[in-house]
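Every heavy atom of this structure was used, including side-chain atoms; hydrogens, water molecules and symmetry mates were not.
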Amino acid sequence: MPAIVLVGAQWGDEGKGKATDLLGSRVDYVVRYQGGNNAGHTVVIGDRKFALHLLPSGILTPSVIPVIGNGVVIDPEVLMHEIAGLEEKDIDTSHLLISANAHLITPYHVTLDKVTERFLGNAKIGTTGRGIGPTYGDKVARIGIRVQDLFDEKILIQKVEGALATRNQVLVKVFNRRAMDVAQVSEYLLGFAEQLRPYVTDTSLVLNEALNEGKVVLLEGGQGTLLDVDHGTYPFVTSSNPTAGGACTGSGIGPTRISGVVGILKAYTTRVGSGPFPTELLDEDGEKLRLIGGERGVTTGRPRRCGWFDAVIARYATRVNGLTDIFLTKLDVLTGWEQIPVCVAYEIDGQRVDEMPTSQTDFHHAVPVYENLPGWQEDISGAKTFDDLPKAARDYVNFLEEVSGTRISAIGVGPDRDATISVHDLIA
């Protein structure tokens, strides 16, 4: 049976939580494979809205086993707070599984993240200040703290001591901050050991055995393709790999087990944080998209930058992820425009460019080339089939499919759980 990857195909916030939750009743495991509490999913069930940050969206479906994979970085305090919040709403979290190899965000990672951003001033990356980058940095530098270290006090203290030997030098001598105490940090982390112990296991083994038994595994990334540390708009990116390749390294599932990659695309484009954004709208249309679409970050509450659909980005996401399907979200937000522009190419130094520019400089100077499509005025939130949509809305979807190079298999027409049109089955 298949392992299916669900990836954001823009700069994140595309509606992956809705897509994951929609498929939840048809899958057995939902795996978060990268990122930390710098990402967020909003899921609406009836009159209840759930904002998830570390927990996989599948936590809301009782029949699904939610998994936090080894590629995720975990702030234990945030995780326990999120679990407690769901339990208060009568959501059972006892079936959650956490990889023993996932790395932990510590207080010194959060402090370093915040002071580094302040130090950079106008050159700041626009991080959420939650310690994600420094934690991944320590992981690569091989001085990270993993979940399994909580269960061996001696090893934990040794690792914290080793990490702070260098991190305190930076805090004190570069940023003029107080050094952090090894004993205090160790005691803080050890305080979560027994709370986390029931959830911790070898998730790679569990997932591979599940696939051998014919179970369906859905892997969800945190941010989006253009925030990938290798394939995104570097340096304005996250510190991990939300692209489909990261699903393998972040879960311990081999690439031959992946049978499909579903890209989530908004019917327009948004991003949070700094960095180039060719189709960004700094006018009334941009503000209208922001207000109607409720475009604020789930984790930070920051207003999202808004712009028209960018087919260059969509084609790029198709290429680097190997997309097999597109889930188009928030089509309903575009109701009411007389014309809807779609960016089909860029103009750079007077030359038309149809694919993602190679250099950061060229992308920064890219000017969108638009094609205008007729809009529609009808309310589409009650549409159940593709044919229920107005002709202009159908034409818009068909055009996006053509310029993106991937079939559009599902369409979101409202925030509710069931406000989705299925065109092709996402689980073959």
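- The shortest distance between side-chain heavy atoms of Thr279 and Tyr268 does not fall below 4.5 Å.
- Side chain of Tyr136 to main chain of Gly35: a donor-acceptor pair is present (N/O by atom type, distance under 3.5 Å, no hydrogens or angles).
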Begin with the C-alpha distance, continue with both residues' side-chain angles, and end with the deciding distance and a verdict on side-chain contact (heavy atoms from CB on, under 4.5 Å) for Leu86 and Leu60. CA-CA 9 Å; Leu86 289 183; Leu60 301 176; 4.3 Å; yes
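- Glu87 contributes a side-chain N or O that, together with a main-chain N or O of Thr93, makes up a donor-acceptor pair within less than 3.5 Å.
- Judged purely by distance below 3.5 Å, without hydrogens or angles, the side chains of Asp285 and Trp337 pair a donor atom with an acceptor atom.
- Defined by atom type and a distance below 3.5 Å, a donor-acceptor pair is missing between the side-chain atoms of Asp181 and Tyr188.
- Put simply, the residue from Glu287, Glu280, Glu295 that forms a salt bridge (charged side-chain N to carboxylate O under 4.0 Å, His left out) with Arg305 is Glu280.
- To the nearest 0.5 Å, atoms CG (Leu207) and CG (Asp28) are separated by 11.0 Å.
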Start with the C-alpha gap between Leu323 and Val7, add the side-chain angles, then the distance that decides, and say whether side-chain contact (heavy atoms from CB on, under 4.5 Å) holds. CA-CA 9 Å; Leu323 297 185; Val7 299; 3.8 Å; yes
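- What you find for Ser409 and Arg407 is that their closest heavy atoms are OG-NE, 3.2 Å.
- Leu265 has its side chain within reach of Gln10: a pair of non-hydrogen atoms, C-beta onward, lies under 4.5 Å apart.
- Side-chain N/O atoms of Asp325 and His424 include no donor and acceptor closer than 3.5 Å.
- Side-chain atoms of Asp228 and Thr243 form a donor-acceptor pair, as typed in the model, at a separation below 3.5 Å.
- Scanning all heavy atoms of the two residues, the minimum distance from Pro278 to Trp11 falls at CD-CH2, 4.2 Å.
- The two residues Gly133 and Ser239 have their closest heavy-atom pair at CA-OG, 3.2 Å.
- Contact check for Leu400 versus Ile326: no side-chain heavy atoms found under the 4.5 Å cut-off.
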Using a 3.5 Å cut-off and no angle test, enumerate the donor-acceptor pairs between side-chain atoms of residues 96-105 and protein atoms at least two apart in sequence or in another chain.
| unit_1 | atom_1 | unit_2 | atom_2 | d |
| --- | --- | --- | --- | --- |
| Ser99 | OG | Asn101 | N | 3.0 |
| Asn101 | OD1 | Arg146 | NH1 | 3.2 |
| Asn101 | OD1 | Gln148 | NE2 | 2.7 |

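- A 6.0 Å sphere centred on CG of Asp283 holds more than 12 heavy atoms belonging to other residues, nucleotides or ligands.
- The CD1 atom of Ile340 sits 11.5 Å away from atom CZ of Phe399, with the distance rounded to the nearest 0.5 Å.
- Taking His365 as the reference, Thr361 meet the side chain to side chain contact (heavy atoms under 4.5 Å, CB included) condition, with sequence neighbours excluded.
- Inter-residue side-chain proximity for Cys306 and Leu281 is flagged as unmet; no heavy-atom pair is nearer than 4.5 Å.
- Residues Thr225 and Asn321 have side chains that bring a donor and an acceptor to within less than 3.5 angstrom of each other.
- Here the closest heavy-atom approach between residue Gly15 and residue Ile264 is recorded as C-CG2, 4.0 Å.
- For the residue pair Pro107 and Val185, the shortest heavy atom distance occurs at CD-CG1, 4.4 Å.
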For residues 313-320, run the donor-acceptor check on the side chains, cut-off 3.5 Å, and write out each pair with its distance to 0.1 Å, sequence neighbours left out.
| unit_1 | atom_1 | unit_2 | atom_2 | d |
| --- | --- | --- | --- | --- |
| Arg315 | NE | Asp354 | O | 3.4 |
| Arg315 | NH1 | Val403 | O | 3.0 |
| Arg315 | NH2 | Val344 | O | 2.9 |
| Arg315 | NH2 | Asp354 | O | 2.6 |
| Tyr316 | OH | His231 | O | 2.7 |
| Thr318 | OG1 | Ala314 | O | 3.0 |
| Thr318 | OG1 | Ser404 | O | 3.4 |
| Thr318 | OG1 | Thr406 | OG1 | 2.9 |

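- Val272 and Asp13 make their closest contact through CG2-OD2, 3.7 Å (heavy atoms, listed as atom of the first residue, atom of the second, distance).
- Put simply, the side chain of Glu401 gets close to the backbone of Ile408: a donor and an acceptor are under 3.5 Å apart.
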Any chance you could lay out the side-chain contact (heavy atoms from CB on, under 4.5 Å) test for Phe236 and Gln360, step after step, and finish with the verdict? CA-CA 10 Å; Phe236 303 101; Gln360 175 187 345; 4.3 Å; yes
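- With respect to Arg130 and Asp75, no salt bridge is recorded, no charged nitrogen being found less than 4.0 Å from a carboxylate O.
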So Tyr396 and Val342, side-chain contact (heavy atoms from CB on, under 4.5 Å) or not? Walk me through it. CA-CA 9 Å; Tyr396 183 77; Val342 174; 3.6 Å; yes
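- Tested against Leu218, the residues Val67, Val5, Val27, Leu426 include a single side chain to side chain contact (heavy atoms under 4.5 Å, CB included) partner, Val27.
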